[in-house]
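Letters go in sequence order (proteins before strands), and every chain restarts at 1.
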Number of protein chains: 2
Amino acid sequence: MVTSRTSSIGGFKDTRPRRLVLRELQKSKRAVEPTELHRRLRGQVDPVTVYRVLRAFEERGLVHRHPSSGGFALCTMPDTSGHHGFLSCRKCGRVQEFVDKNLCKQEDRIAESSGFTSESHVTDIIGVCQSCR
Amino acid sequence: MVTSRTSSIGGFKDTRPRRLVLRELQKSKRAVEPTELHRRLRGQVDPVTVYRVLRAFEERGLVHRHPSSGGFALCTMPDTSGHHGFLSCRKCGRVQEFVDKNLCKQEDRIAESSGFTSESHVTDIIGVCQSCR
DNA sequence: ATCGTTGCAAAACCTTTGCACCAAT
DNA sequence: ATTGGTGCAAAGGTTTTGCAACGAT
């Protein structure tokens, strides 16, 4: 599962703050807001650094923002070019990603029929997950 | 306790700031961020009031937040209980709402197959609109 | 007359910037 | 050695709160 990506990809240094932020995101399988992240890492990582780390991660597609919560979550999907699907539990906050070709197609169809050229889509399904029901 | 919110329009007063904010949202058929709104209404409406008006509107389902931009847009659809579709032009910023029963069904199906009980979904299709192409 | 609504001032918050030092490669 | 990353301090910007006055119903 988790691959230790200690390779030097485009000047991406393996530092303590980054490892800590990454671990924190892995621990909670949900979207976490920057403020919560640096609350959790208080004393260990400077708040400013948390923002910078998140930005770096986002630029490299390691994390992305979750639409309804605004928090950051680890990218768990091969991230097939701009088609993001989220299943969000409003009780426990768990966020699960999904990809669905048919949904994409349907979305493209909708765009076309309105004269839009679709480039990417984000779908957020909010509900209650199995273990919270 | 909570006052009965069942009076005709639920104690929703027709005031100058509200008319101005509403008009501003109508003028620009796109999602507008709070900061831009009070920049446009500078001198006419207090910034604080802009936030309060937006919150009041949102609570009454008159406006909603647009996922990718974070701005507010007038609700142009009958708002059929939590199924929001947006077509967003990344060039001109225009936001067009849509509803699509099939998309909804498909989203519900995806939720079910992952053990989620779907309550609402938001779809944001980002691309380029006809007149910007 | 009653309450919700507004404006103002100030506070609270979150996020970014600048800069010198440090560390991973 | 180089280059990017970090911490600290401070600034910047947005949003919220408290309170007295106002005004729509």
*Between dA10(D) (P) and Asp46(A) (CG): distance, integer Å*: 14 Å

*OP1, OP2 of dT6(C) versus side-chain N and O of Thr15(B): anything below 4.0 Å?*
yes

_Ionic contact status for Glu59(B) with Arg55(B), cut-off 4.0 Å_ = no

*Between Arg55(B) and dT16(D), is there a side-chain N or O to OP1/OP2 distance below 4.0 Å?*
yes

*asked:* I want to verify a distance call: between dG7(D), dG7(C), dT17(C), whose nearest atom is closest to the Val48(A) side chain?
replied: dT17(C)

*Do the side chain of Arg52(B) and the base of dG4(C) come within less than 3.5 angstrom through a donor-acceptor pair of N or O atoms?*
no

*Can you tell me the distance, in whole Å, between the CZ atom of Phe57(A) and the P atom of dG5(D)?*
11 Å

_At less than 4.0 Å, is any side-chain N or O atom of Tyr51(A) found next to OP1 or OP2 of dT15(C)? Yes or no._
yes

*asked:* Rounded to whole Å, how long is the line connecting atom CG of Asp14(B) with atom C1' of dT25(D)?
replied: 11 Å

*Once the angle between the rings of Phe12(A) and Phe57(A) is folded into 0 to 90°, is it parallel (under 30°), tilted (30 to 60°) or perpendicular (over 60°)?*
tilted

*Nearest-Å distance, NE2 (His38(B)) to P (dT16(D))?*
11 Å

*Any N or O donor-acceptor pair linking the side chain of Lys13(B) to the base of dG4(C) at under 3.5 Å?*
yes

_Expressed as a whole number of angstroms, how long is the span from Glu36(B):CD to dT15(D):C1'?_
17 Å

*Give one of base, sugar-phosphate or nothing for Pro34(A), where a contact means two heavy atoms less than 4.0 Å apart.*
sugar-phosphate

_Verdict with supporting geometry, Leu103(A) and His121(A), side-chain contact (heavy atoms from CB on, under 4.5 Å)_ = CA-CA 10 Å; Leu103(A) 196 70; His121(A) 5 96; over 6 Å; no

*asked:* Both Gln44(A) and Arg16(B) contact DNA chain D. Which one's nearest nucleotide lies toward the 5' end?
replied: Gln44(A)

*Using whole Å, report how far CG of Leu54(A) lies from P of dC14(C).*
15 Å

*Could you check how far CZ of Arg42(A) sits from P of dG7(D), rounded to whole Å?*
16 Å

_SB check Glu24(B) Lys27(B) (cutoff 4.0 Å)_ = yes

